[in-house]
Number of protein chains: 2
Amino acid sequence: MSADQQGLPSVWTRPQRSRRDQPALSRDQIVSAALELLDAEGIDALSMRKLGTRLNAGATSMYSHVANKDELIELVVDEVYGEIDLTGIDSSTDWRTAVTRLAHGLRNGFLRHPWIASALGQVGMAALGPNLLRLSEALLGVFEEAGYSLQAAEQGMNTVSAYVIGVASTEAATLALLARSGQSQQEWVERFWPVAEQAVQGYPRLRRLYAAQREGFDVDSTRGDSFDEGLACILDGLEARRRLGDG
Amino acid sequence: MSADQQGLPSVWTRPQRSRRDQPALSRDQIVSAALELLDAEGIDALSMRKLGTRLNAGATSMYSHVANKDELIELVVDEVYGEIDLTGIDSSTDWRTAVTRLAHGLRNGFLRHPWIASALGQVGMAALGPNLLRLSEALLGVFEEAGYSLQAAEQGMNTVSAYVIGVASTEAATLALLARSGQSQQEWVERFWPVAEQAVQGYPRLRRLYAAQREGFDVDSTRGDSFDEGLACILDGLEARRRLGDG
DNA sequence: GCGGCGACCGTACAGTGTGCGGAGTAGCGA
DNA sequence: TCGCTACTCCGCACACTGTACGGTCGCCGC
């Protein structure tokens, strides 16, 4: 008596479908599926099992294409750097507008993918992803063509990118927190503000600051202005230094 | 026949020790134990169970003092902010040296506790910890007493802290990566550099940069100089803006 | 044809955060 | 002095994690 007559899976009843009727897994597919999952549900929801089912694959099937979960995250982070538009950044554009445009690109990338704030800490900036390299090269180029020495260009790049990463990862972390809480921005602000006002008692300057911010309340625009203001301030400092180097 | 005669735990054989022979758990104890654990073994090693055993407590005993693991991390992060020395920051000190000193304090705190790079993303800056508030108030104060308006002071605080957080969390992430790998800094550099050199082919400016850095190699001092240079650049920009506001 | 290689997957293991209910104790009002 | 309540602490359980391991199977070079 054969096994399939007992309803058990056997060589005969088994589907026998080829490995080829599903398109084979590829690194790019894995990375972009992970990116979708991260955007949709945040970093806590990224598990190898969930990623597997999303790809019609087993839980451990990704490990032939990717060494670790950490390595996967590195790849996805670099993918975000890859989204930044570098076209139209050449020697004809004024260096300040070029740097500003790159800075905005980086910041917008972070805001589009707020989970990146959590990912950055796990990965380190030492990741030599091709897209990050491309971005660095472009930024260096902008400074050099504006007349900065290579060392000064590096200094400028480091300063600007540190600033942008500081601002953007902070904003992204807040955004991610908000998304995790499941509340709308409106609800969150309404719940957050009284707490903040309470906490700020006993710190006179912070209290004045909060009081001043209650009126004249336009989150997005003022945030953007503040970012540009800080960036402009850095660029001013850099420009003064270049003139110093020239003289 | 009673249970203890069968070797089972019972009322009679049970140790019966009072809850008081171990000093009771407290929030501060938990936080400082977590800090020790994080410093010793990094963020991946921080689990509630390990923390419990370190405190001679059960796995879930901390939950009466702390809501979440996330909340615990918020508390520990604020503890790090609390380590920053604010003494000697008053109206008599020049604002630039005051800001610089605070910036160094923050950066050193991050470098002392490299796991913080991972923790920051999970927490968001919206954490209204008392120590962060104290630090913000102090920084605001420095700017205000230097003659900045409240809005300008906020702008200055945001710009400087974004820069410092960007630099320091990047450095800290690298440090944490290094610690996790278990290698010495020397080993790591030796293993990392050829890879970087390889990766940098095809990016002429980056290649020149790496070539230039191979000679004149003094990691710590140049890093510190670069940090101060960027900071000074920001302060220059801010100062120019203040003059503008005055005129 | 066939041997090896590499992609894919099922299973398993050690570990995670934390909800729940029970136990024991301190403090407090009567 | 006696309850009663509130609170701290803990053992257990549950769902879920990353990933090591070994097996199976299609494909490619010999």
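So you know, we letter chains A, B, ... as the sequences are listed, proteins then strands, and number each from 1. Since we're looking at a predicted model, the values are computed, not measured.
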Checklist entry - Excluding sequence neighbours, so at least two apart, what forms side-chain contact (heavy atoms from CB on, under 4.5 Å) with A:S32? => result none

Item to check | Rounded distance in Å - CZ (A:R27) to P (C:dA7) | outcome: 12 Å

Checklist entry - Is there a side-chain polar atom (N or O) of A:H65 under 4.0 Å from OP1 or OP2 of C:dG6? => result no

Per-pair distances, 0.1 Å, donor-acceptor, side chain in residues 63-75 of chain B, under 3.5 Å, sequence neighbours excluded:
{"residue": "B:K69", "atom": "NZ", "partner": "B:L46", "partner atom": "O", "Å": "2.9"}
{"residue": "B:E71", "atom": "OE2", "partner": "B:A67", "partner atom": "N", "Å": "3.4"}

Checklist entry - Rounded to the Å, how far apart are A:E71 CD and D:dG18 C1'? => result 15 Å

Checklist entry - Given axes from five pairs at either end, by how many degrees does the helix from C:dG1-D:dC30 to C:dA30-D:dT1 bend, rounded to 10°? => result 0°

Checklist outcome for this item: Atom CG of B:L25 and atom C1' of D:dC7 are separated, to the nearest Å, by 13 Å

So which protein nitrogen or oxygen atoms get under 3.5 Å of nucleotides 11-17 of chain C's nitrogens or oxygens?
{"residue": "C:dT16", "atom": "OP1", "partner": "B:S47", "partner atom": "OG", "Å": "3.0"}
{"residue": "C:dG17", "atom": "OP1", "partner": "B:K69", "partner atom": "NZ", "Å": "2.9"}
{"residue": "C:dG17", "atom": "OP2", "partner": "B:M48", "partner atom": "N", "Å": "2.9"}
{"residue": "C:dG17", "atom": "N7", "partner": "B:R49", "partner atom": "NH2", "Å": "2.5"}
{"residue": "C:dG17", "atom": "O6", "partner": "B:R49", "partner atom": "NH2", "Å": "2.8"}

Next on the checklist: Whole angstroms only, please: what is the CG-P distance between A:L51 and D:dT17?
Outcome noted: 12 Å

Checklist outcome for this item: Side-chain atoms of A:N68 come closest, of C:dC9, C:dC8, D:dT19, to D:dT19

Next on the checklist: Going by the rule salt bridge (Lys or Arg N to Asp or Glu O under 4.0 Å), which residues pair with A:E190 if we only count those two or more places apart in sequence or in a different chain?
Outcome noted: none

Next on the checklist: Which residues pass the salt bridge (Lys or Arg N to Asp or Glu O under 4.0 Å) test with B:E137, not counting sequence neighbours?
Outcome noted: A:R205

Next on the checklist: Around atom CD of B:Q198, are there more than 12 heavy atoms from other residues, nucleotides or ligands closer than 6.0 Å?
Outcome noted: no

Checklist entry - What is the distance, rounded to the nearest whole Å, between atom CE of A:M62 and atom P of C:dC9? => result 10 Å

Checklist entry - A:N56 has an atom CG; how far is it from atom C1' of C:dG10, in whole Å? => result 17 Å

Give every donor-acceptor pair under 3.5 Å between a side-chain atom in residues 108-124 of chain A and any protein atom, sequence neighbours left out.
{"residue": "A:N108", "atom": "ND2", "partner": "A:H104", "partner atom": "O", "Å": "3.2"}
{"residue": "A:R112", "atom": "NE", "partner": "A:E83", "partner atom": "OE1", "Å": "3.3"}
{"residue": "A:R112", "atom": "NH2", "partner": "A:E83", "partner atom": "OE1", "Å": "3.0"}
{"residue": "A:H113", "atom": "ND1", "partner": "A:D39", "partner atom": "OD1", "Å": "2.7"}
{"residue": "A:H113", "atom": "ND1", "partner": "A:D39", "partner atom": "OD2", "Å": "3.1"}
{"residue": "A:H113", "atom": "NE2", "partner": "A:E83", "partner atom": "OE1", "Å": "2.9"}
{"residue": "A:H113", "atom": "NE2", "partner": "A:E83", "partner atom": "OE2", "Å": "3.2"}
{"residue": "A:W115", "atom": "NE1", "partner": "A:D39", "partner atom": "OD1", "Å": "2.8"}
{"residue": "A:S118", "atom": "OG", "partner": "B:G121", "partner atom": "O", "Å": "3.3"}

Checklist entry - For the atom pair CE (B:M48) and CG (B:L55), what is the distance rounded to the nearest 0.5 Å? => result 10.0 Å

Item to check | Phosphate OP1/OP2 of C:dG6 contacted by A:S64 side-chain N/O (<4.0 Å) | outcome: no

Item to check | Residue list, salt bridge (Lys or Arg N to Asp or Glu O under 4.0 Å) with A:R54, at least two apart or on another chain | outcome: A:E36

Checklist outcome for this item: ring-ring contact (aromatic ring centres under 6.0 Å, His included) filter on A:Y163, not counting sequence neighbours, yields A:F227

